[in-house]
Protein chains: 2
Amino acid sequence: MMNKERKIELFKEKCQTKGIKLTPQRLLIYEELINSTEHPTAERIYSSITQKFPTISLDTVHRTLETFCTIGVATMAEGLGNSKRFEGNMDNHHHVHCVQCGMIHDVYDANYDQLLVPPQVSQEFKILKKIVHLEGICRKCQTEYENMD
Amino acid sequence: MMNKERKIELFKEKCQTKGIKLTPQRLLIYEELINSTEHPTAERIYSSITQKFPTISLDTVHRTLETFCTIGVATMAEGLGNSKRFEGNMDNHHHVHCVQCGMIHDVYDANYDQLLVPPQVSQEFKILKKIVHLEGICRKCQTEYENMD
DNA sequence: TTCTTAAATAAGAATAATTCTTATTTAAGT
DNA sequence: ACTTAAATAAGAATTATTCTTATTTAAGAA
């Protein structure tokens with residue numbers, strides 16, 4: 001955990017080293033993001049910013065958040081793409097998700113099944129589901145990337 | 001793990017006990033769901049079914065999958081609602097998600113941080129992220145439900 | 001078996017989230 | 001100040017999901 005001024009400093013350096021421009025939009029979006037604890041959507045950030053910066057477009061917020069993930073100053077909370085995914089497998093299991101092709105595989109692991117919910121969480125939530133969510137690139141997509149130069 | 005005939009039998013019983021009608025659409029969707037290992041979207045199931053049952057509507061597939069989750073014969077793979085959620089917190093942490101109001105809280109837990117990736121997974125995937133995803137109902141939403149009668 | 005009725009469905013409109021296209025603007029190095 | 005590739009704004013397009021309403025049907029009752 002570090003203070004916000006320091007994070008912003010590092011953000012600016014990151015833009016430098018990654019060779020992307022430090023625009024007022026990007027700075028505002030970054031500030032909004034790190035000031036929020038609510039894991040905001042693009043739309044949510046857009047509405048907050050639109051007060052101070054009325055000409056910004058929602059598309060820019062989307063693109064910018066994507067860029068932030070790419071350069072490693074933000075992440076997208078776990079999710080499985082834009083569509084809901086369903087399964088009829090009600091056995092206790094976990095998931096690994098290829099962020100490239102979207103494939104989800106089931107993971108069976110006894111250690112994962114035994115995870116305990118921390119007391120400070122179970123005090124505040126009635127927990128309905130515990131799952132270990134792994135994200136990565138599947139072998140097939142790795143190969144495709146290799147051949148891509 | 002049980003065979004499909006048995007699952008379908010149990011599905012029919014569940015419809016009975018839950019008092020929902022056993023329609024041809026529901027049966028087809030259920031069969032399609034348990035025959036698939038790909039954690040399909042509503043759209044995906046719709047296209048598979050539309051061959052055998054050309055008059056089915058996509059909306060029915062959506063509603064039906066929702067119903068299946070409610071009666072406990074299917075689940076929606078972990079996700080955080082219809083919108084992407086972002087965060088600037090790059091420290092190692094985990095999430096608990098209220099499925100009612102959508103709130104996400106960060107969870108810090110040393111045990112969660114030490115999870116190992118099973119070999120059969122790391123052989124097939126380059127893992128980029130490991131997160132424990134908890135789902136439940138937050139205290140506030142629990143209270144609101146109590147007062148709802 | 002036929003009748004009844006609440007539940008379920010189909011169709012299409014509506015809404016919501018995200019991405020694309022294109023013309024214009026601008027950050028940042030020269 | 002000049003140049004230029006990158007970034008942005010605006011609006012259209014696409015994709016996912018939900019809503020509305022009229023019709024159909026499963027399943028229990030007669």
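Chain naming here is simple, since letters A, B, ... match the order of the sequence lines and numbering starts at 1 in each.
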Chemist: According to a strict under-4.0 Å criterion, is B:His62 in side-chain N/O contact with OP1 or OP2 of D:dT17?
Modeler: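 B:His62 to D:dT17 OP1/OP2: side-chain N or O found under 4.0 Å.
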
Chemist: Does A:Arg63 have a side-chain nitrogen or oxygen under 4.0 Å from the phosphate oxygens OP1 or OP2 of C:dT19?
Modeler: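 Answer no for this pair, as no side-chain N or O of A:Arg63 is under 4.0 Å from OP1 or OP2.
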
Chemist: For a quick check of understanding: with a heavy-atom distance under 4.0 Å over all strands, which category does B:Ile20 fall into, base, sugar-phosphate or nothing?
Modeler: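 Sugar-phosphate contact only - B:Ile20 comes under 4.0 Å of backbone atoms but never of a base.
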
Chemist: Expressed as a whole number of angstroms, how long is the span from A:Lys12:NZ to C:dA28:C1'?
Modeler: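 Result: 15 Å.
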
Chemist: C:dA17, OP1 or OP2 - any side-chain N/O from B:Ser83 closer than 4.0 Å?
Modeler: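 Yes, within the criterion.
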
Chemist: Hey, which of these two, B:Ala42 or B:Thr23, hits DNA chain D nearer its 5' end, going by closest nucleotide?
Modeler: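 Here B:Ala42 is the residue nearer the 5' end.
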
Chemist: Is a side-chain donor-acceptor pair under 3.5 Å present for A:His39 with B:Asn89?
Modeler: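 No.
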
Chemist: Quickly work out the B:Glu66 CD to D:dC19 C1' distance and round it to whole Å.
Modeler: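 So the two atoms are 14 Å apart, to the nearest Å.
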
Chemist: If the cut-off is 4.0 Å, is B:Thr60 near the phosphate of C:dT9, judged by side-chain N/O to OP1 or OP2?
Modeler: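 Result: no.
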
Chemist: Pick the closest DNA chain C nucleotide for A:Gln16 and for B:Arg85 by heavy atoms, then say which residue is nearer the 5' end.
Modeler: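 Going by which nucleotide is closer to the 5' end, it is B:Arg85.
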
Chemist: Work out which heavy atom in A:Arg26 is nearest to a heavy atom in A:Phe68; give both atom names and the distance.
Modeler: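 What the structure gives for the nearest pair is O-CZ, 3.4 Å.
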
Chemist: Given D:dT18, is OP1 or OP2 found less than 4.0 Å from the side-chain N or O atoms of A:Lys84?
Modeler: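 For D:dT18, OP1/OP2 do have a side-chain N/O of A:Lys84 under 4.0 Å.
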
Chemist: Can you check the A:Leu22 CG to C:dT26 P distance for me, whole Å?
Modeler: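 Spelled out: CG on A:Leu22 to P on C:dT26 is 15 Å.
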
Chemist: If you look at every heavy atom in A:His97 and A:Leu80, which pair is closest and at what distance?
Modeler: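 Smallest heavy-atom distance, with atoms named: CG-CD2, 3.5 Å.
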
Chemist: When rounded to the nearest 0.5 angstrom, what distance separates OG1 in B:Thr41 from CZ in A:Phe86?
Modeler: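 Between atom OG1 of B:Thr41 and atom CZ of A:Phe86 there are 9.0 Å.
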
Chemist: Could you give the CE-to-P distance, from A:Met76 to C:dA17, as a whole number of Å?
Modeler: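 That distance rounds to 15 Å.
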
Chemist: Can you tell me how far P of C:dT26 sits from NZ of A:Lys21, to the nearest Å?
Modeler: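 Value for this atom pair: 11 Å.
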
Chemist: So, does A:Arg26 get its side chain near the phosphate of D:dA7, meaning an N or O under 4.0 Å from OP1 or OP2?
Modeler: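 For D:dA7, OP1 or OP2 has a side-chain N or O of A:Arg26 closer than 4.0 Å.
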
Chemist: Identify the heavy atoms of B:Arg6 and B:Glu13 that sit nearest to each other, and give their distance.
Modeler: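 Where B:Arg6 meets B:Glu13 most closely, the heavy atoms are NH1-OE2, 4.4 Å.
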
Chemist: Name every residue in residues 43-55 of chain B that has at least one heavy atom under 4.0 Å from any atom of DNA chain D, in order of residue number, or write none if there are no such residues.
Modeler: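 None - not one residue of the stretch has a heavy atom sitting under 4.0 Å from the strand.
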
Chemist: I need the single residue from A:Glu78, A:Glu87, A:His105, A:Arg85 that forms a side chain to side chain donor-acceptor pair (under 3.5 Å) with A:His95. Which is it?
Modeler: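 So, applying the side chain to side chain donor-acceptor pair (under 3.5 Å) to A:His95 and each of A:Glu78, A:Glu87, A:His105, A:Arg85, only A:Glu87 qualifies.
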
Chemist: So which atom in A:Leu33 and which in A:Ala74 form the shortest heavy-atom distance, rounded to 0.1 Å?
Modeler: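 Looking at all heavy atoms of both residues, the shortest contact is CD2-CB, 3.6 Å.
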
Chemist: Using a cut-off of strictly less than 4.0 Å, decide whether B:Gln25 has a side-chain nitrogen or oxygen near OP1 or OP2 of C:dA10.
Modeler: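 For C:dA10, OP1/OP2 do have a side-chain N/O of B:Gln25 under 4.0 Å.
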
Chemist: Looking at the side chain of B:Thr64, which of D:dT8, D:dA5, C:dT9 is the nearest nucleotide?
Modeler: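 Ranking D:dT8, D:dA5, C:dT9 by closest atom to the B:Thr64 side chain puts C:dT9 first.
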
Chemist: Nearest whole Å is fine: how far is D:dA7 P from A:Leu27 CG?
Modeler: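 The answer, rounded to whole Å, is 15 Å.
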
Chemist: If we ignore hydrogens and angles and just use 3.5 Å, is the side chain of A:Tyr30 paired with the main-chain N or O of B:Gly88 as donor and acceptor?
Modeler: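 No; judged by distance alone, with no hydrogens or angles, the pair does not exist.
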
Chemist: Once you round it to whole Å, what is the distance between P of C:dT18 and CG of B:Leu80?
Modeler: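 So the CG-P distance, B:Leu80 to C:dT18, works out to 12 Å.
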
Chemist: Would you mind pulling out the nucleotide paired to D:dA22, Watson-Crick or G-U wobble, both distances under 3.5 Å?
Modeler: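 Pair assignment: D:dA22 / C:dT9.
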
Chemist: For A:Phe86 and D:dA16, what is the distance between atoms CZ and P respectively, to the nearest whole Å?
Modeler: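 Atom CZ in A:Phe86 sits about 13 Å away from atom P in D:dA16.
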
